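Numbering of ligands and ligand atoms starts at 1, following listing order. What you see below is based on every heavy atom in this structure, not just the backbone, and it leaves out hydrogens, waters and symmetry mates. Worth saying up front: this structure is predicted, and the values here are computed from it rather than measured.
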Amino acid sequence: GMNRNDLCWCGSGKKYKKCHEDFDERIASIRYDVIKGQVRPPRKIINNEADIAGIRRAAVINDAVLDLTETLDRAAHEYIVSHGGIPACLGFEGFPKSICTSINNVVCHGIPSTKDVLKEGDIINVDSTVNVDGYYADASRMYLIGKVPAAAELLVKVTKECMERGIAAARPWHFLGDVSAACGDWAHANGYSVVTALGGHGVGKDFHMEPYVPHEGEPGTGMLMVPGMVFTVEPMINAGDYDVTVDRTDGWTVRTKDGTLSAQWEKTILITETGAEVLSS
Ligand code: MF3
Ligand code: CO
Ligand code: CO
């Protein structure tokens, strides 16, 4: 046993009598019912104040990791700035963050927030646009958080295929409606709807410029695609209805009206002499 004047077993540096003596006596005084599985806590799992302070320091970092969208935003901001870029979203028409993070039923323009703690089963779109030396590039991807329901995973996969089919249809001396149709037809063939309130856009010397790129439509319609044109293909595909709402409080977050899942992928492409080249993905 411990002498009352020994240093306490907990590592506090205090004398035992001033530290855990009463504590130990209290633990010893309790009857432990073996049938109920009642057991004494071993000393090695008791943390002293220095230990607890250490765990608190780790917890602060860990919570920031879990508050992932805010963390992503900070990481993105730091990366962009340190590479000589400007995060184009930050301050764009008052948008408050450097990237958009859109989770589950959020279609696009989700605002990174410490309140968005990602959980297993979520699907999230991360959308970044940077301005480097006056030129813009714009792209977004979906991420699956842990194990995701099969229906959500399929939506994400088909939405990527919609974008890829749209890009495959992008070639000079043909019309933009080819891209829209290729995109939308694949969504419809899979039983999904295409968001029409927002679309792709010319990008490069401006963030958003001509042409407007619908993600469903008729082949052979719209603007002629010619070499040197740069635009995004960024289908927003809903599991349910195409209709969307904009958050009345923040003025940005676009959600599916019916609450169903939505996915989006985005690339910036260049129309070349022979087809299309992906510039940002
Ligand atoms: N990057 C988005 C797009 O694909 C636009 C985001 S604008 C913002 O066009 F203000 F919400 F950031
Ligand atoms: Co875009
Ligand atoms: Co974008």
Checklist entry - With a 4.0 Å cut-off on heavy atoms, does Glu266 reach ligand 1? => result yes
Checklist entry - Does Glu266 put an N, O or S atom under 2.8 Å from the Co ion (ligand 2)? => result yes
Checklist entry - Quick one: does ligand 1 sit under 4.0 Å from the side chain of Thr232, the backbone, both or neither, non-hydrogen atoms only? => result neither
Checklist entry - Looking only at protein heavy atoms, which one is nearest to atom 7 (S) of ligand 1, and how far off is it? => result Phe92 CD2, 3.7 Å
Item to check | Full working for ring-ring contact (aromatic ring centres under 6.0 Å, His included) between Tyr136 and His201 | outcome: CA-CA 12 Å; Tyr136 294 86; His201 50 93; 9.6 Å; no
Checklist entry - Can you tell me if Asp258 uses its side chain to pair, donor with acceptor, with the backbone of Asp241 under 3.5 Å? => result yes
Checklist outcome for this item: Counting from 1 in the order shown, the ligand 1 atoms closer than 4.0 Å to a non-hydrogen atom of Thr129 are 1 (N)
Next on the checklist: Restricting to N, O or S, what is the name of the atom of Asp138 that lies nearest the Co ion (ligand 3)?
Outcome noted: OD1
Checklist entry - Got a donor-acceptor contact below 3.5 angstrom from the Ser262 side chain to the Thr256 backbone? => result no
Checklist outcome for this item: Note: heavy atom closest to atom 3 (C) of ligand 1, options Leu90, Asn125, Asp138, belongs to Asp138
Item to check | Salt bridge Arg171-Asp178, side-chain N to carboxylate O under 4.0 Å | outcome: no
Checklist entry - Which ligand 1 atoms does Cys89 reach within 4.0 Å, using its non-hydrogen atoms? => result 6 (C), 12 (F)
Item to check | Closest candidate by heavy atom, reference atom 4 (O) of ligand 1, pool Glu234, Met236, Glu93 | outcome: Glu234
Checklist entry - For ligand 1, is there an N or O atom under 3.5 Å from any N or O atom of Trp252? => result no
Checklist entry - Nearest protein heavy atom to atom 9 (O) of ligand 1, by residue and atom, and its distance? => result His208 NE2, 2.8 Å
Next on the checklist: For a distance under 2.8 Å, tell me if His208 has an N/O/S atom near the Co ion (ligand 2).
Outcome noted: no
Item to check | Side chain, backbone, both or neither: Cys100 near ligand 1, heavy atoms under 4.0 Å | outcome: side chain
Item to check | Thr129 and Phe92, any side-chain heavy atoms less than 4.5 Å apart | outcome: no
Checklist outcome for this item: Closest to atom 2 (C) of ligand 1 among protein heavy atoms sits Asp127 OD2, 3.4 Å
Next on the checklist: Please list, in number order, the atoms of ligand 1 under 4.0 Å from a heavy atom of His201.
Outcome noted: 3 (C), 4 (O), 9 (O)
Checklist entry - Does a side-chain N-to-carboxylate-O contact under 4.0 Å join Lys157 and Glu161? => result yes
Item to check | Check: Lys160 and Met142 side chains under 4.5 Å, non-hydrogen atoms | outcome: no
Checklist entry - Relative to each other, are the rings of His109 and Trp252 parallel, tilted or perpendicular (30° and 60° limits)? => result perpendicular
Checklist entry - Would you say Glu234 reaches the Co ion (ligand 3) with an N/O/S atom under 2.8 Å? => result no
Checklist entry - In terms of the angle between their ring planes, are Tyr79 and His83 parallel, tilted or perpendicular, with boundaries placed at 30° and 60°? => result parallel
Item to check | Close approach of Lys97 to ligand 1, heavy atoms, under 4.0 angstrom | outcome: no
Next on the checklist: Distance check, rounded to the nearest 0.5 Å: Cys108 atom SG versus Asp127 atom CG?
Outcome noted: 8.0 Å
Checklist entry - With a cut-off of 4.0 Å, which atoms of ligand 1 are near a heavy atom of His109? => result 5 (C), 6 (C), 11 (F)
Item to check | Ser12 and Asn48: side chain donor to acceptor below 3.5 Å | outcome: no
